[in-house]
Asks: 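The structure follows.
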There are 2 protein chains.
Amino acid sequence: MRHRNDKRATIRDVAKVAGVSPITASRAMQNSGKVRPATRQKVVDAARQLDYIPNLAAGTLATNASHLVAVILPNMSNSIFADTLQSISDSLRDSGYQLLVGYSDNSPELEESLVRTFLSRRADAIVLTGHVHSDQTNALLKSAAIPIVEMWSLNDEPLGACVGISNFDAAYSMTDYLCGKGHQKVGFIGGLLKNNDRTQSRLDGYRAALKAHKLQVDENLIRDVPFEFEDGARAMGELLADNQLDAVFAASDILALGALLECNRRNLRVPEDIAVAGFDDERLAKLIKPSLTTIGVPRRAIGEKVAGVVLAALRGEAETQRVFDMGFSLVERDSA
Amino acid sequence: MRHRNDKRATIRDVAKVAGVSPITASRAMQNSGKVRPATRQKVVDAARQLDYIPNLAAGTLATNASHLVAVILPNMSNSIFADTLQSISDSLRDSGYQLLVGYSDNSPELEESLVRTFLSRRADAIVLTGHVHSDQTNALLKSAAIPIVEMWSLNDEPLGACVGISNFDAAYSMTDYLCGKGHQKVGFIGGLLKNNDRTQSRLDGYRAALKAHKLQVDENLIRDVPFEFEDGARAMGELLADNQLDAVFAASDILALGALLECNRRNLRVPEDIAVAGFDDERLAKLIKPSLTTIGVPRRAIGEKVAGVVLAALRGEAETQRVFDMGFSLVERDSA
DNA sequence: CCTGAAAATGATACCGGTACCATTTTTGCA
DNA sequence: TGCAAAAATGGTACCGGTATCATTTTCAGG
């Protein structure tokens, strides 16, 4: 119907064709139930005939509601976050919300600039990963007067709500488990400790568990590397070269898989020569040989809960709870 | 400065504080160079003092430019797309564009609904994966009068521009390589053939190469499964159970890695007992043991080119070329 | 058939930016 | 120093929806 160089049809055009006022056309399009079915049909037909596409910028401006939920993740490559994101997205779609996703690359500055643009776009809610933010970011979020959810780590004083697991407890459990198996020299491979409260808490849990077992914390056994397979492999290589060790706990399966493959390459027997444990329960963890002992994290449940909290807040429901501990499980497999 | 329950400051508030007109304040904020530095400074100070956050919905409505580039990917979990997405994002950020990402889950219906919302949000350009779309989607895109880029596969008749590789040629090369090594019974594991032109072209390339080697195409050796490690492993298990075969070519490293791990689990020697080849050159491909022979795809280059094409089009530059073949490489490693 | 309340529809204005064009100020140069 | 051109600034209107409140229509019940 419309031709290439026509301007887009507006709600006024639709109204004219349908023979109603613009505001009635608007109500009909939103299916608000305030319009007689016959009228609605006329409007819908007119809209179809004109290839009408509503302009959400105008709608956002008028209603002060963008139907956008902004999500900030540390990176694109970790499939853990992808799963959570997917489940947030699935849970919000039916309510008419769309995700606006940004990646902070673990940089507080980048995170701040993302928050700024999300506020500019008038996101209806903002979901962040972790609770380490710049002061400016905290100030922006506090004055924003929209629902804020921090996910993946727990925090007694969240900006808004907070949905995650106790990274400390999980790491403590795993380290405790390794020590319980008789390992005395347990290494730790962490990812990007700076600005990453998840890894930081996991390291703390590791330290605490060693102490509980009256074992010395040897700083030489602790590695802080980027978050890729290669880095896990390299860190494992270094640990093996420089130290005698029984076991390694990696704060992410990506690193653990890299470490495991490095052991394979060196023909080390896992877990006989060295035990390897991970964190996240990535899909590959149970397929690799030997299968990887790791921490299972309810990543889809986290996403669903985040979406639930956001929706409740957007509906204006009074909050009953601000901190949601989604729990973890120790998944015992063959590698440790 | 601003208090919790105040309304957001608008450009008029800023203008008032700065002692200029709203339009001057607007120009100052955009740093358009049309404002005297002293004036600009007054406005910037006022904005800071008021915690001014521009409303991009209003800006979009006024200028008919959202500074959003929409990207549709098949799924969130394939890190290949994540790399391309990252490089599109990096390349566009400096020009002030933000990505709006959607996942079609290989469903043309979902893709269509994504396109609809993206048009509603007045995305300045739309990037899609592949060239199989619903008729409605094609019509929507054609009448949208914004730059459209299809990526990852090549297409003589793209909607707008198209940046990718020849999936047919790449699969042909790999199959040819396998046959050249003397393999006679080569299986194929593909992901979601329906609605996925990449996998479909790869299958075509595989068939053509077999024919060129005067080998029978055995439909029993062709598996169409979802795109996860587990599915690759299961498909490999089935192929091994039902057939005698020398080699397997998987249309994605995810599937190939699953297949390889299944071989490991069965203590089959790769490549002696069976050769395995993949497609994509995922990060794990060179770490796994044996390392995976695969097709290297310039995924970052694809993203950069996509961004370049989009930017050129948005700047109104005349197109010199519509189809960009970014090439591939056959990465020979240990598994085949 | 009439009446009053409820339902449906409409007129107007507004959301918060910026385009367009008019006006004022500054600047370069004779 | 004066003047034309360029630069800076401002007034008004508009982008395309919808909130608000007023008005008209519908409908149940007497």
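None of these values were measured; they are calculated from a predicted model.
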Asks: Under the salt bridge (Lys or Arg N to Asp or Glu O under 4.0 Å) definition, can you give me all pairs with a residue in residues 59-86 of chain B, not counting sequence neighbours?
Replies: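 The answer is B:Asp83-B:Arg283, B:Asp83-B:Arg299.
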Asks: Any chance you could list the contact pattern along nucleotides 7-12 of chain D? Use B for base contacts, S for sugar-phosphate-only contacts and - for none, protein heavy atoms under 4.0 Å, 5' to 3'.
Replies: -SBBB-
Asks: In whole Å, what is the span from the CG atom of B:Leu56 to the P atom of D:dC15?
Replies: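 To the nearest whole Å, that distance equals 20 Å.
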Asks: May I have the distance from A:Arg122 (atom CZ) to C:dG17 (atom C1'), rounded to whole angstrom?
Replies: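 So the two atoms are 11 Å apart, to the nearest Å.
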Asks: Report the distance from atom CD1 of B:Ile11 to atom P of C:dC14, rounded to the nearest whole Å.
Replies: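 Distance, rounded to whole Å: 20 Å.
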Asks: Could you tell me the separation between the CD1 atom of A:Ile53 and the P atom of D:dG16, rounded to a whole number of Å?
Replies: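 For the pair A:Ile53 CD1 and D:dG16 P, the rounded distance is 13 Å.
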Asks: Within this structure, what is the CG-to-C1' distance between B:Asn55 and C:dC14, rounded to whole angstrom?
Replies: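 Interatomic distance, CG of B:Asn55 to C1' of C:dC14: 13 Å.
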Asks: So which pairs with a foot in residues 90-107 of chain B pass salt bridge (Lys or Arg N to Asp or Glu O under 4.0 Å), sequence neighbours left out?
Replies: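 For residues 90-107 of chain B: B:Asp90-B:Arg93, B:Asp90-B:Arg300.
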Asks: Can you measure B:Leu61 atom CG to C:dA19 atom C1' for me and round it to whole angstrom units?
Replies: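 After rounding, the gap between these two atoms is 12 Å.
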Asks: What residues form a ring pair (Phe, Tyr, Trp, His ring centres under 6.0 Å) with B:Tyr103, not counting sequence neighbours?
Replies: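 Expected list: none.
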Asks: Give the rounded distance in Å between these two atoms: CZ of A:Arg121 and C1' of C:dG16.
Replies: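 To the nearest whole Å, that distance equals 15 Å.
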Asks: With sequence neighbours left out, what residues match B:Gln30 under side chain to side chain donor-acceptor pair (under 3.5 Å)?
Replies: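 For B:Gln30 there are no side chain to side chain donor-acceptor pair (under 3.5 Å) partners, ignoring immediate neighbours.
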Asks: In whole angstrom, what separates B:Asn64's CG from D:dC14's C1'?
Replies: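 These atoms are roughly 13 Å apart.
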Asks: For B:Ser104, which residues count as a side chain to side chain donor-acceptor pair (under 3.5 Å) partner, sequence neighbours excluded?
Replies: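 B:Ser104 satisfies side chain to side chain donor-acceptor pair (under 3.5 Å) with no residue once adjacent residues are dropped.
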Asks: With the side chain counted from C-beta on, respond yes when B:Arg122 and A:Ile53 share a heavy-atom pair under 4.5 Å apart, and no when they do not.
Replies: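 Result yes, sub-4.5 Å side-chain heavy-atom pair found.
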